[in-house]
Amino acid sequence: MRIDPRFALAAACIALAGCVSPKSFLDPAVPRVSYQDLGKRAAPLKLTLSVEFQRNGAPYPRAEAVLKEGAQRVLRATGLILPSDAGTDGSIRIVLNNSGDLEDAQSKGMKTGLTLGLAGSTVKDAYEMTMSITVDGKTATRTAVQHALYTSIGNETLPAGIESAPPNVAFDRVLEQMLLRALQDMQKAGELSDLRTRHRLRGEPADPYRYQQVLFAPASL
């Protein structure tokens with residue numbers, strides 16, 4: 001079985017449980033954000049995207065390719081940011097840390113495997129994200145954006161009303177929710193407001209320098 005590097009605890013549990021089918025779901029306590037909750041821009045910011053994946057705080061490059069691919073897909077879908085290898089407007093950096101008790105996950109997976117799935121197990125992969133957007137020397141940052149992915153294997157009953165998915169699909173949804181929440185928070189703070197549209201509506205000449213000054217607050221938010 002190929003183990004995905006994006007979720008350490010789920011991977012360890014699945015590996016030791018053998019062929020018992022895993023079911024993953026997002027932390028139901030975290031409010032959901034939709035693409036419709038984000039305001040629209042006249043034109044997306046063209047930003048160079050860089051990512052770093054961490055496992056318990058240490059760099060874990062094996063997962064960076066799938067993290068970057070997932071982040072590109074979500075950012076494009078928002079209509080706010082267009083990831084580019086040569087961003088003409090600035091840059092965006094995403095650091096995602098996956099943490100949890102690996103020994104506990106291994107123990108649970110072994111127990112489920114030895115009982116051929118009769119003893120069910122659930123493990124939690126916690127995620128914390130930092131996202132920074134820099135334009136014209138000004139940086140907006142969101143830290144400690146948190147979410148979690150739960151994975152159940154064997155004879156384990158899921159919470160009522162919970163929609164489960166394969167672990168890789170559930171991870172994509174976790175990443176999507178974290179990015180949407182960070183962008184929504186920046187919008188609410190006024191850091192992603194499309195002031196150029198306001199200039200056009202009021203008939204004022206667009207001042208790019210003024211626009212960027214208001215669009216991005218200093219890093220100490």
Side-chain angles (χ1 to χ4, degrees), residues 1-35 37-38 49-78 81 83 92-106 108-109 112 120-131 142-154 156 158-159 161-185:
M1 177 185 294
R2 179 179 178 274
I3 301 302
D4 197 305
R6 292 173 288 182
F7 26 82
L9 273 64
C13 191
I14 294 167
L16 290 171
C19 296
V20 180
S21 297
K23 301 181 292 290
S24 296
F25 58 94
L26 280 61
D27 186 346
V30 179
R32 293 182 64 85
V33 181
S34 72
Y35 290 95
D37 293 327
L38 300 178
L49 171 64
S50 63
V51 304
E52 179 180 337
F53 192 96
Q54 299 175 349
R55 179 163 290 175
N56 287 327
Y60 194 73
R62 282 184 58 199
E64 289 183 356
V66 287
L67 171 59
K68 188 170 186 177
E69 180 182 348
Q72 287 174 330
R73 182 169 55 251
V74 174
L75 294 174
R76 286 195 188 99
T78 66
I81 295 171
I92 177 170
R93 178 165 176 78
I94 297 167
V95 179
L96 185 65
N97 183 42
N98 170 214
S99 62
D101 189 335
L102 188 58
E103 290 185 2
D104 180 63
Q106 292 172 333
K108 289 180 176 179
T112 300
S121 303
T122 298
V123 296
K124 174 185 176 181
D125 277 280
Y127 294 92
E128 184 168 310
M129 185 186 75
T130 297
M131 184 178 78
R142 286 298 177 274
T143 61
V145 181
Q146 298 178 340
H147 215 315
L149 181 155
Y150 291 88
T151 300
S152 296
I153 56 175
E156 190 83 342
L158 299 182
I162 290 297
E163 178 186 357
S164 65
N168 60 320
V169 175
F171 171 84
D172 288 343
R173 293 175 181 174
V174 164
L175 176 62
E176 177 184 65
Q177 285 297 301
M178 297 176 82
L179 290 171
L180 293 181
R181 187 146 35 101
L183 289 171
Q184 182 188 47
D185 192 55

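From a predicted model like this one, the values you see are computed outputs, not experimental measurements.
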Can any side-chain N or O of [X] pair as donor or acceptor with the backbone N or O of [Y] at less than 3.5 Å?
{"X": "Asp37", "Y": "Ser34", "result": "yes"}
{"X": "Asn97", "Y": "Asn56", "result": "yes"}
{"X": "Arg173", "Y": "Ala165", "result": "no"}

Could you tell me if the side chain of [Y] sits less than 4.5 Å from the side chain of [X], heavy atoms only?
{"X": "Gln54", "Y": "Val95", "result": "yes"}
{"X": "Lys68", "Y": "Leu49", "result": "yes"}
{"X": "Leu149", "Y": "Asn98", "result": "no"}
{"X": "Val51", "Y": "Arg93", "result": "no"}
{"X": "Pro83", "Y": "Arg76", "result": "yes"}
{"X": "Met131", "Y": "Val145", "result": "no"}
{"X": "Ile92", "Y": "Leu75", "result": "yes"}

What are the two closest non-hydrogen atoms of [X] and [Y], and how far apart are they?
{"X": "Ala148", "Y": "Val174", "result": "O-CG2, 3.9 Å"}
{"X": "Val33", "Y": "Leu180", "result": "O-CD1, 3.4 Å"}
{"X": "Gln146", "Y": "Glu128", "result": "NE2-OE1, 2.9 Å"}

If you measure from [atom1] on [X] to [atom2] on [Y], what distance do you get to the nearest 0.5 Å?
{"X": "Phe171", "Y": "Leu67", "atom1": "CZ", "atom2": "CG", "result": "5.5 Å"}
{"X": "Leu175", "Y": "Arg73", "atom1": "CG", "atom2": "CZ", "result": "8.0 Å"}
{"X": "His147", "Y": "Asp125", "atom1": "NE2", "atom2": "CG", "result": "13.0 Å"}
{"X": "Met129", "Y": "Arg142", "atom1": "CE", "atom2": "CZ", "result": "10.5 Å"}
{"X": "Ile162", "Y": "Ser24", "atom1": "CD1", "atom2": "OG", "result": "12.0 Å"}

Distance-only side-chain donor-acceptor flag, Thr143 / Thr130, under 3.5 Å =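 No, no side-chain donor-acceptor pair sits under 3.5 Å.
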In terms of side-chain heavy atoms, does Glu52 have a donor or acceptor partner in Tyr60 at a distance below 3.5 Å?
-> no
Do NZ/NE/NH1/NH2 and the carboxylate oxygens of Glu163 and Lys23 come within less than 4.0 Å?
->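 Looking at Glu163 and Lys23, the cut-off is not met.
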Basic-acidic side-chain contact under 4.0 Å: Lys124, Asp27 = no
Phe53 vs Tyr127 aromatic rings, parallel, tilted or perpendicular, using cut-offs 30° and 60°?
-> perpendicular
